[in-house]
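To start, the structure itself, in structure tokens.
Remember, it's 1-based here, ligands and their atoms both numbered in the order they're listed. Scope of the values below: all heavy atoms of this structure, side chains included, with no hydrogens, waters or symmetry mates.
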Amino acid sequence: MTLDNFNFSGKKAIVRVDFNVPLDENGHITDDTRIRGALPTLKKILADGGALIIMSHMGKPKGKVNPKMSLGQIKDAVAAALGCEVKFAPDCAKAADAAAALKPGEVLLLENLRFYPEEEGKPVGIDKADPAYDEAKKAMKASQKEFAKTLASYADVYVNDAFGTAHRRHASTAVIADFFDADHKMLGYLMEKEVKAVDNVLNNITRPFTAIMGGSKVSTKIGIIENLMDKVDNLILCGGMTYTFAKAQGGKIGVSICEEDKLDLALEIIRKAQEKGVNLVLGTDCVAGDKFSNDANTQVCPSNDVPDGWEGMDAGPETREAFAKVIRESKTILWNGPAGVFEFDNFTAGSRAIAEAIVEATANGAFSLVGGGDSVACVNKFGLADQVSYVSTGGGALLEAIEGKVLPGIAAIKGE
Ligand code: AMP
């Protein structure tokens with residue numbers, strides 16, 4: 001079933017969204033992209049005359065109630081975005097009455113699903129090495145099913161619009177789908193758009209194809225880097241991982257962020273790129289700071305010759321130009337991860353140069369996909385989000401989809 005082909009009039013829909021929005025220390029939303037992303041689906045259901053039950057996770061409460069990760073904090077923002085009142089169910093597994101009382105056009109937001117370990121379905125408090133782990137896992141899978149069944153019992157229809165968690169087989173993202181027949185479960189609009197954008201980058205590649213991977217660590221990006229190696233023409237690696245590469249090649253990196261146990265891996269990536277004919281582009285100069293702070297003193301230095309006590313915090317001018325040149329000449333572009341500590345205004349130049357080059361390439365006909373929380377925050381910060389082809393709401397999900405993996409959240413609905 002598709003959202004457009006379903007009339008929600010008089011029906012209750014339970015919609016899994018990804019409202020895992022970043023909050024500041026006062027609980028205020030710092031980037032509402034994910035809320036805005038789900039609006040078309042939510043509004044379609046209300047406009048049809050349906051009642052809405054919205055469910056999401058926030059953060060990693062690890063199966064325990066944690067007020068700092070309560071979705072109650074964003075209830076008013078959701079109400080403002082939808083333009084109607086939103087009721088709140090403070091316990092997602094005990095919301096049957098609140099759901100039953102919903103009238104057409106009304107909205108109920110459930111508390112953070114991950115306050116229950118059943119959502120993720122991983123046994124808590126037991127080590128994987130423990131001989132009793134397998135039994136605990138089996139028991140947890142059974143209670144996960146029960147939890148999903150409870151959620152399913154609130155509604156007539158299930159909609160999954162949470163691309164950000166589509167790569168997880170969680171109660172609300174996949175297991176719940178088993179309690180609805182094919183005519184009563186569907187992807188939301190956001191999910192449909194994400195699937196199409198990924199398809200453009202995977203199966204509809206116009207060359208040159210450039211992937212830009214940044215962020216703090218090599219270790220979290222290694223799977224995708226290895227997979228992209230078979231697909232891309234240019235691979236730009238930037239951000240904190242620059243210094244692991246610099247050190248691996250014998251460079252001096254001061255106190256820059258570095259994964260000492262990934263030096264061999266960095267050399268292996270360099271070797272593989274050569275073997276596969278991929279143009280691997282690494283930063284050659286950087287903006288270093290004398291402390292990890294926005295008001296640090298700065299100096300531009302070679303990425304492999306950072307003075308003692310200084311740390312590389314952004315791409316230098318030569319690097320920015322080299323990155324921009326490659327990006328401007330590309331026809332398919334994927335960007336995940338900032339080129340510097342972009343949260344500090346004085347260290348945004350590298351990420352900005354990338355974003356601006358992507359915008360220029362897009363204006364010249366390239367397809368550009370920007371994904372991952374931090375790169376999305378970047379393009380939003382620079383006010384350029386509407387000038388790239390597609391801004392994905394998914395980090396891990398996007399990367400797994402690009403790796404060509406089947407996402408459980410999508411398979412559970414499409415039956416693949
Ligand atoms: P990730 O979650 O791995 O995508 O990393 C995103 C984070 O990487 C952001 O918070 C950036 O501040 C950080 N980052 C980027 N460049 C650097 C750098 N040179 N040194 C330290 N952190 C960095």
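- Taking a cut-off of under 4.0 Å to the non-hydrogen atoms of G240, the atoms of ligand 1 that pass are 15 (C), 16 (N), 17 (C), 18 (C), 19 (N).
- The existence of a salt bridge linking E192 and K196 is excluded, since no basic side-chain nitrogen approaches an acidic carboxylate oxygen closer than 4.0 Å.
- With a 4.0 Å cut-off on non-hydrogen atoms, V341 touches ligand 1 through its backbone as well as its side chain.
- Looking at D76, L71, I54, V107 one by one, the single match for side chain to side chain contact (heavy atoms under 4.5 Å, CB included) with F88 turns out to be L71.
- Ligand 1 places these atoms under 4.0 Å from at least one heavy atom of G312: 18 (C), 19 (N), 20 (N).
- Heavy-atom proximity to I257, at under 4.0 Å, picks out these atoms of ligand 1: 20 (N), 21 (C).
- At least one heavy atom of Y243 sits under 4.0 Å from some atom of ligand 1.
- For atom 10 (O) of ligand 1, the closest non-hydrogen atom of the protein is E343 OE2, 2.4 Å.
- Among protein heavy atoms, the minimum distance from atom 2 (O) of ligand 1 is reached at D374 OD2, 3.8 Å.
- Counting non-hydrogen atoms of neighbouring residues, nucleotides and ligands closer than 6.0 angstrom, the NZ atom of K276 exceeds 12 such neighbours.
- Put simply, no part of E311 is less than 4.0 Å from ligand 1, judged by heavy atoms.
- Note that CG of L334 is 12.0 Å distant from CG of N200, once rounded to the nearest 0.5 Å.
- Among the atoms of G214, none of the N or O lies under 3.5 angstrom from an N or O of ligand 1.
- The nearest protein atom to atom 4 (O) of ligand 1, hydrogens excluded, is given as K221 NZ, 3.0 Å; this is a heavy-atom distance.
- Closest to atom 14 (N) of ligand 1 among all protein heavy atoms lies G340 O, 3.9 Å.
- You'll find the side chain of L23 reaches within 4.5 Å of the side chain of M58, heavy atoms only.
- Side-chain contact between E106 and K87: present, with at least one pair of heavy atoms (C-beta onward) separated by less than 4.5 Å.
- The aromatic rings of F180 and Y158 lie parallel to each other, their planes meeting at an angle below 30°, with 60° marking the opposite boundary.
- With hydrogens and angles disregarded, no donor-acceptor distance shorter than 3.5 Å links the side chain of K262 to the backbone of S219.
- Listed by number with element, the atoms of ligand 1 under 4.0 Å from a non-hydrogen atom of M313 are 19 (N).
- Protein heavy atom in closest approach to atom 13 (C) of ligand 1: S216 CB, 4.1 Å.
- The shortest N or O to N or O distance between D314 and ligand 1 is not under 3.5 Å.
- Side-chain contact check for H170 versus F147: every heavy-atom pair is 4.5 Å or farther apart.
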